[in-house]
Amino acid sequence: MARREAARLLHRLGPLAVESPTRGMPHSQHESTNRIVNSCRRFHWIPSLQRPLCGPTTSGGIYEGQSSANKACEVQKRTFGSAATHIQRNPAYSELNSDDVSYFKSVLGENGVVQDEDRVMSCKCRLDGRLAVVPQGGNTGLVGGSVPVYDEVIVGLAGMDKIISFDNVNGILTSEAGCVLENLSKLVENEGFIMPLDLGAKGSCHIGGNISTNAGGLRFIRYGSLHGSVLGLEVVLADGTILDMLTTLRKDNTGYDLKHLFIGSEGSLGVVTKISVLTPAKLPSTNVAFLSCNDYKSCQKLLLAARRSLGEILSAFEFMDHHCIDLAMRHVEGVHNPLPASPYKFYVLIETTGSDESYDKTKLEAFLLRSMEDGLVADGVIAQDISQATNFWQIREGISEASVKVGAVYKYDLSIPVEKLYDIVEEMRCRLGDSAEVLGYGHLGDGNLHLNIVSSKYDDNTLGRIEPFVYEWTSAQRGSISAEHGLGLMKAEKIHYSKSPEAVQLMASIKKLLDPNSILNPYKVLPQSVL
Amino acid sequence: MKILVAVKRVVDYAVKVRVRPDRTGVETANVKMSMNPFCEIAVEEALRLREAGAAAEVVAATVGPAQSADTLRTALAMGADRAVHVLHDQDPARPLLPLAVAKILRAVALQEKPDLVILGKQAIDDDCNQTGQMLAGLLQWPQGTFASKIILDTEKQKATVEREVDGGIESICLDLPAVITTDLRLNQPRYATLPNIMKAKSKVIKKIAPEDLGVDIRSDMEVIEVNEPPKRKAGVILSSVDELLDKLKNEARVL
């Protein structure tokens with residue numbers, strides 16, 4: 001039933017446009033929770049009106065962090081448009097009127113449509129008519145991809161949280177797109193499997209959103225990208241067509257593999273409604289070590305050595321600098337520093353996952369002792385039980401949340417060749433001096449740096465010193481300005497730093513083919529100039 | 001002064017425990033096993049006493065199958081000087097009970113002659129909270145259980161122990177040698193650092209069989225069946241006191 005509704009809705013959307021607010025943000029969701037009725041319907045349509053150009057918050061990153069940050073201090077908002085180009089509301093989009101609202105109600109029922117009562121505007125004259133739409137999942141995106149810019153209608157998929165099936169012989173999970181990642185993890189873990197991805201936002205993010213943004217996460221080094229793990233999708237296109245590619249086959253070389261277009265397209269080519277994903281077997285033995293290194297070069301050499309010595313059991317290799325550790329110790333609850341005596345510059349977290357506990361532990365110990373003798377590792381600890389391992393992970397996963405508590409955070413997610421990865425952090429420190437604290441941490445094993453710059457409040461001056469320098473620098477290294485977070489709204493006009501004009505043109509052609517009226521997630525991903 | 005610390009290998013605290021399908025016991029295959037958290041605290045306290053100069057040697061001991069050596073290695077990696085492993089293969093139908101363990105530890109203590117024996121207050125798998133007390137009884141030594149603070153006076157050969165009891169904190173003074181069992185708030189156990197793990201490789205683990213100690217550990221108890229507790233039923237909201245009385249009388253049968 002949901003699919004037909006979805007199709008009808010999108011079909012109707014063809015002609016409509018809505019003014020909608022920054023409803024998507026965690027903030028306003030907290031305030032207006034009593035308005036949002038959690039229904040059994042498949043979609044939530046949230047047409048409501050607000051002042052335009054209320055940008056989404058940068059700190060819309062981690063949901064849990066947001067709620068606790070709210071209690072502790074006022075979380076800062078930042079308008080994405082500040083230093084970037086000023087985006088005008090495209091007048092070609094129509095505006096919502098009461099006919100449209102009643103149509104939505106007819107499809108979804110009274111409860112499925114949420115409106116901000118005091119802001120509903122009366123009938124506006126209908127223009128040529130195209131209703132813009134923003135698909136929204138768990139709202140944990142870090143580039144504003146799930147938040148309306150003007151008055152787009154939010155299509156909330158939280159209601160589509162059914163698990164369709166789980167094949168516990170092959171480990172193939174089929175579910176609707178609105179399932180929360182943590183819930184799926186728990187389900188498959190009960191059956192002896194694990195989800196191929198894991199991220200700090202797992203308590204709130206939806207699998208549909210993960211797939212639409214091609215999320216990376218902590219297990220990437222071992223299980224690879226979602227392009228490899230996703231077996232099939234069901235996608236609803238802009239004109240209401242339901243594209244059923246929901247297969248559970250491992251191998252299917254019949255024709256062009258269309259699902260890859262939608263994985264990572266951030267909702268701009270179609271709305272993902274069902275997914276089937278391959279889940280790897282849950283291996284019993286996990287070992288986690290927390291190490292300190294003197295300099296970045298040692299971290300790199302350690303990575304190389306880990307790949308060689310730990311090989312098939314290596315499942316995570318994360319690094320962080322001492323600024324991150326200090327921050328985590330100050331702001332994350334319930335953690336204690338495993339290496340208090342070390343005043344070292346860099347810290348590395350290594351996790352191994354395998355099938356034999358004692359074999360893995362011996363291997364890991366041998367590798368670490370050798371690394372110590374070779375001078376790669378200055379000091380380190382190995383977790384002796386699960387609580388200790390959890391503590392190590394809490395430090396690493398808590399850095400992002402901790403940075404929000406300090407004040408204003410400027411987040412960048414860059415893919416840079418490993419040798420040069422830390423150079424940008426040091427350059428930014430030079431550029432910013434005392435005005436902000438620069439944190440560098442990330443998935444070293446994947447060459448992915450999370451550059452977080454923290455200061456007491458947002459100001460354009462600081463932003464001006466960061467952008468566009470950081471993008472230009474990354475571009476010069478032929479790196480990616482968005483390793484795993486996506487382009488969203490924040491980097492929509494910046495794709496040229498990492499992709500050639502010909503490639504961008506082809507992307508625009510594909511977008512025009514699949515979404516000729518450009519109603520899906522407008523103003524995002526691709527620059528306005530090519531569309 | 002020598003301190004003997006007894007440790008136990010148990011299912012990891014964070015693991016969700018399941019009953020084996022044949023109902024003979026708890027599922028332990030492919031499940032993470034670690035040192036009992038209270039035993040970790042005991043090892044930590046012993047190490048702190050040694051670092052404070054009150055003790056010269058910390059010896060870790062365990063009773064269990066071959067894999068229990070891992071637990072001893074953890075104790076050695078934390079900083080214990082050497083270890084004693086009393087080998088005993090577990091039969092799930094006839095598990096080793098606290099009394100048997102206490103008898104074995106008594107024999108070990110008579111061999112090692114420590115001034116202090118520290119144990120965790122209870123193991124998280126059986127929750128017996130008996131071994132320390134029984135050991136003290138068998139040795140005829142004083143005991144300070146549920147310790148939340150230990151102060152040693154090596155000159156006077158006394159230990160002042162603050163115990164967590166139901167009414168609050170009780171402070172007692174024990175003549176050494178004594179048996180102390182640790183409670184949660186005593187300390188925060190340290191991590192096993194790489195240098196210590198390296199040193200631990202050269203530390204000695206002495207293996208003994210219970211027969212060598214002259215202890216008879218035949219169990220008088222046999223486990224017949226292990227089941228999960230019944231699932232909690234949902235509560236019912238009642239509309240009146242009469243209904244409550246009716247249910248108490250006829251359903252719960254307590255009136």
Side-chain angles (χ1 to χ4, degrees), chain A residues 186 189-190 192 281-293 302 334-342 348 350 353-362 364-393 395, chain B residues 7-18 27-44 47 51 60 65-80 120 123-125 184 187-202:
Chain A
K186 290 204 181 109
E189 272 168 29
N190 267 342
K282 180 172 164 63
L283 296 171
S285 130
T286 306
N287 282 302
V288 185
F290 201 83
L291 316 162
S292 61
C293 301
L302 191 64
V335 294
H336 41 276
N337 193 343
L339 293 166
S342 352
V348 171
I350 295 183
T353 311
S355 42
D356 187 330
E357 170 98 48
S358 44
Y359 170 71
D360 288 355
K361 197 150 190 198
T362 319
L364 180 64
E365 277 179 13
F367 162 67
L368 289 175
L369 292 177
R370 237 187 356 260
S371 305
M372 247 187 116
E373 283 164 22
D374 295 341
L376 296 177
V377 171
D379 198 359
V381 293
I382 301 183
Q384 299 297 319
D385 56 40
I386 298 182
S387 326
Q388 292 184 356
T390 312
N391 185 39
F392 297 166
W393 274 116
I395 298 173
Chain B
V7 297
K8 186 177 180 185
R9 177 178 183 260
V10 297
V11 175
D12 190 297
Y13 159 71
V15 168
K16 191 171 191 308
V17 163
R18 278 180 231 243
E27 186 67 73
T28 49
N30 271 342
V31 157
K32 171 100 180 136
M33 307 287 278
S34 316
M35 191 191 292
N36 183 33
F38 294 104
C39 301
E40 273 182 11
I41 295 174
V43 174
E44 174 66 24
L47 295 173
E51 281 158 11
Q67 298 96 305
S68 292
D70 288 340
T71 315
L72 287 177
R73 281 195 207 107
T74 301
L76 293 172
M78 283 170 76
I124 58 172
D125 53 4
L184 213 49
N187 60 44
Q188 172 79 258
R190 65 191 61 184
Y191 290 99
T193 60
L194 289 178
N196 281 341
I197 293 176
M198 191 145 63
K199 283 186 217 150
K201 292 200 181 300
S202 52

**Message:** Taking side chain as everything from C-beta outward and backbone as N, CA, C, O, which of these in Lys16(B) sits under 4.5 Å from a heavy atom of chain A? Side chain, backbone, both or neither.
**Reply:** neither

**Message:** If I take atom CG from residue Asp12(B) and atom CD1 from residue Ile386(A), how far apart are they, to the nearest 0.5 angstrom?
**Reply:** 3.5 Å

**Prompt:** About how many Å separate NZ of Lys32(B) and CG of Asn287(A), when rounded to the nearest 0.5 Å?
**Reply:** 5.5 Å

**Complete:** For Pro195(B) and Gly380(A), the nearest pair of non-hydrogen atoms, with its separation, is CD-O, 4.5 Å

**Message:** If I measure from the heavy atoms of chain A, does Arg190(B) come under 4.5 Å with its side chain, its backbone, both, or neither?
**Reply:** backbone

**Complete:** Scanning both residues in full, the closest heavy-atom pair of Leu291(A) with Leu194(B) reads CD2-CD1, 3.8 Å

**Asked** Which pair of non-hydrogen atoms, one from Ser387(A) and one from Tyr13(B), has the smallest distance, and what is that distance?
**Response** OG-CD2, 3.7 Å

**Asked** Which region of Glu365(A), side chain (C-beta onward) or backbone (N, CA, C, O), has a non-hydrogen atom less than 4.5 Å from a non-hydrogen atom of chain B, or is it both or neither?
**Response** side chain

**Prompt:** Asn30(B) versus chain A, heavy atoms under 4.5 Å apart: side chain, backbone, both or neither?
**Reply:** both

**Request:** Measure the OG1-CD distance between Thr74(B) and Gln384(A) for me, rounded to the nearest 0.5 Å.
**Result:** 4.0 Å

**Request:** Considering only heavy atoms and a distance below 4.5 Å, find which of Thr193(B), Asn196(B), Val15(B) pairs most often with chain A.
**Result:** Thr193(B)

**Request:** Look at Gln67(B), Glu40(B), Met78(B), Met33(B) and state which one has the largest set of heavy-atom pairs under 4.5 Å with chain A.
**Result:** Glu40(B)

**Request:** Check each atom of Gln388(A) against the heavy atoms of chain B and say whether the ones under 4.5 Å are side chain, backbone, both or neither.
**Result:** both

**Request:** Under 4.5 Å heavy-atom distance to chain B, tell me which part of Asp356(A) shows up: side chain, backbone, both or neither.
**Result:** neither

**Asked** Side chains of Lys201(B) and Leu369(A): closer than 4.5 Å at any heavy-atom pair?
**Response** yes

**Item:** Point-to-point distance, once rounded to the nearest 0.5 Å, from CZ of Arg73(B) to NZ of Lys361(A)
**Value:** 9.5 Å

**Item:** Asp385(A) (side chain) donor-acceptor with Ser34(B) (main chain) under 3.5 angstrom
**Value:** no

**Request:** Step by step, work out the side chain to side chain contact (heavy atoms under 4.5 Å, CB included) result for Glu373(A) and Met198(B).
**Result:** CA-CA 11 Å; Glu373(A) 283 164 22; Met198(B) 191 145 63; 4.0 Å; yes

**Message:** Under 4.5 Å from any heavy atom of chain B, what part of Leu283(A) do you find: side chain, backbone, both or neither?
**Reply:** neither

**Prompt:** Among Ala14(B), Ala192(B), Ala77(B), who wins on heavy-atom pairs under 4.5 Å with chain A?
**Reply:** Ala192(B)

